[in-house]
Visitor: 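Once you've had a glance at the structure underneath, I'll fire off some questions.
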Number of protein chains: 2
Amino acid sequence: MKEGPDIALIGALIGDPARANMLTALMSGKALTASELAGEAGVTLQTASSHLSKLETARLIRLRKQGRHRYFSLSGDDVGSVLEALMGLAAKYGHTRARTGPKDPALRKARVCYNHLAGELGVRLYDSLKKHRHIREKDDEVLLTDAGSVFVRSFGIDITTLGHARRPMCRSCLDWSARRTHMAGSLGIAFLDRFYDLGWAKRVDGSRVVSFSPQGEENFLKTFQL
Amino acid sequence: MKEGPDIALIGALIGDPARANMLTALMSGKALTASELAGEAGVTLQTASSHLSKLETARLIRLRKQGRHRYFSLSGDDVGSVLEALMGLAAKYGHTRARTGPKDPALRKARVCYNHLAGELGVRLYDSLKKHRHIREKDDEVLLTDAGSVFVRSFGIDITTLGHARRPMCRSCLDWSARRTHMAGSLGIAFLDRFYDLGWAKRVDGSRVVSFSPQGEENFLKTFQL
DNA sequence: TTCATAGTTCGATCATAATCGAAGCATTAT
DNA sequence: ATAATGCTTCGATTATGATCGAACTATGAA
């Protein structure tokens, strides 16, 4: 028997301490690797792997392969909402716990990821475009909307030269520091080039750091608001 | 070890199929007895009792003794919200299930419970007063607010004659058919008497049924809106 | 190529807790 | 008083699944 009725399956998933720790660690919106999640949960990598596969088949989390890393993140806002609601209930007669802090200074703020902008400002670029409906996420793809085309053109980027590439113009990219989605693809490259052309930013010698001028950063923040 | 972090405890509680069935059965807002919940969950009474005590110590459900029955209900709206959110998630890749229907015609609608109004209309009276902040629930007590005093007086009930009784003026009462809280106490009695006086309703001979006239019911529904 | 890192899969162990029979307690009915 | 109903507590059994060691796969680096 043991007919698993609706919410019991999900409850059981959340009910294991190791998995609960992993899920709360993912509540930040960051994507984490299996090793990191294992550390968060206080279990070995094998155990973590088992848990993660269960969470993924239940569609609570989402896997993105990048190189030899596997980045896990919550599969959607609704999952986060449920976890938050549960934390609210738990707060009635339980405790919460703190998270660990970040590290690394300038690289976290803005850096090159292959050939596009990553780091906090890269994430901001992506989030801002998404908020103003200039891009749309469709499953794994990222699409430029009509309004987005207008905006991009007005920003001084020639889309026609981008379009002829066979690869998708927009891609979302995930990288360490911020562990959030940011703008990649040919459009991501074009944006970064445009920032160089406008004199907003320039690369720092041998480093991956992208250095924004004070004025450039101000313009950037004004252009890509949240 | 096995440090139980926040949400895991609640998740584990919801994660057991028997408990999940009980909780979903309570989602209707009705209060159910241990036997009924055992039936819902498909387990014996002993097993159900064990589950119910766990749910109660975790404050997810609330117990009210009434006679030799024990009525369990969700402890609050927040618990219901979490369960609904979980059902939403489960709907992504699961199924839902139907509930059983009611029975009994006129008794369900309006009847006397000791000496006050019960049934659907009794529940409506209570809910309406609560919605318009004429009464307030404080832990196990039900209090008449200042606005409530004004309203009750304007409805033709003399509160001063009620106040001198040592027993609380308002009490919430739980009864079979609707299994929802309704208005009891001396105020509950006064309301029913007033309905009789206004000619809205009258008792039916040997039965517990309270029969509202068409006009009386219309007035009732207009006075006590939701 | 070889080595290292990141992760999965398999298998065995072990602990938790769900379950129910039996007995106990409390409240109402007769 | 005695019986019956409603429910809880105790104890033993059993099953589920969390855990990790060891071996295997894949990607990237030297």
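Hydrogens, waters and symmetry mates play no part in the numbers below; they use all other heavy atoms, side chains included. Reminder, nothing fancy here: chain letters follow the sequence lines and each chain counts from 1.
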Visitor: Is the B:W200 ring parallel, tilted or perpendicular to the B:F195 ring (thresholds 30°, 60°)?
Guide: parallel
Visitor: Please determine if a side-chain N or O atom of B:K54 lies less than 4.0 Å away from the OP1 or OP2 oxygen of C:dA17.
Guide: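 Checking B:K54 against C:dA17: no side-chain N or O falls below 4.0 Å of OP1 or OP2.
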Visitor: State, with a plain yes or no, whether a side-chain heavy atom of A:R124 is found less than 4.5 Å away from one of A:F220.
Guide: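 Yes, their side chains come closer than 4.5 Å.
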Visitor: Over how many whole Å does the gap from A:L55 atom CG to C:dG7 atom P extend?
Guide: 16 Å
Visitor: C:dT9 C1' sits how many Å from A:H51 NE2, rounded?
Guide: 15 Å
Visitor: Under the side-chain contact (heavy atoms from CB on, under 4.5 Å) test, which residues partner A:T47, sequence neighbours left out?
Guide: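 Partners of A:T47 under the side-chain contact (heavy atoms from CB on, under 4.5 Å) test: A:V43, A:T44, A:H51.
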Visitor: With sequence neighbours left out, write down each residue that passes salt bridge (charged side-chain N to carboxylate O under 4.0 Å, His left out) with A:E217, or none if nothing qualifies.
Guide: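 Listed in chain order: A:K109.
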Visitor: Which whole-number value in Å describes the distance from A:L52 CG to C:dA6 P?
Guide: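 To the nearest whole Å, that distance equals 15 Å.
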Visitor: Do any N or O atoms of the protein come closer than 3.5 Å to N or O atoms of nucleotides 4-7 of chain D, and which pairs are they?
Guide:
unit_1, atom_1, unit_2, atom_2, d
D:dT5, O2, B:R68, NH1, 3.4
D:dC7, OP1, B:R70, N, 3.3
D:dC7, OP2, B:S35, N, 3.3
D:dC7, OP2, B:S35, OG, 2.1

Visitor: side-chain contact (heavy atoms from CB on, under 4.5 Å) with B:S211: which residues, sequence neighbours excluded?
Guide: B:V204
Visitor: Compare every heavy atom of B:T33 with every heavy atom of B:H69, then report the nearest pair and how far apart it is.
Guide: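 Closest approach of B:H69 to B:T33, heavy atoms only: ND1-CG2, 3.9 Å.
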Visitor: Nearest 0.5 Å, what's the CG-CG distance between B:D6 and A:N21?
Guide: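 One gets 7.5 Å once the value is rounded to the nearest 0.5 Å.
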Visitor: Between atom CG in B:L37 and atom P in C:dT19, what is the gap in whole Å?
Guide: 14 Å
Visitor: Measure the shortest side-chain to side-chain distance between B:Y126 and B:I135 over non-hydrogen atoms and say whether it is less than 4.5 angstrom.
Guide: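 In short, these two side chains touch, coming nearer than 4.5 Å.
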Visitor: In whole angstrom, give the distance that lies between atom CG of B:N21 and atom P of C:dA18.
Guide: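 That distance rounds to 14 Å.
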Visitor: Only counting residues at least two apart or in another chain, list the ones meeting side-chain contact (heavy atoms from CB on, under 4.5 Å) with B:S50.
Guide: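 Partners of B:S50 under the side-chain contact (heavy atoms from CB on, under 4.5 Å) test: B:K54.
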Visitor: Starting from P on C:dT19, measure out to CE on B:M22 and report it in whole angstrom.
Guide: 8 Å
Visitor: Where do N or O atoms of nucleotides 20-22 of chain D meet protein N or O atoms at under 3.5 Å, pair by pair?
Guide:
unit_1, atom_1, unit_2, atom_2, d
D:dC20, OP2, A:T44, N, 3.1
D:dC20, OP2, A:T44, OG1, 3.2
D:dC20, OP2, A:T47, OG1, 3.0
D:dG21, N7, A:Q46, NE2, 2.5

Visitor: What is the distance, rounded to the nearest whole Å, between atom NZ of A:K65 and atom C1' of C:dG7?
Guide: 11 Å
Visitor: Measure the distance from CD1 on B:I14 to P on C:dA17 and round it to the nearest whole Å.
Guide: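 Taking CD1 of B:I14 and P of C:dA17, I get 16 Å after rounding.
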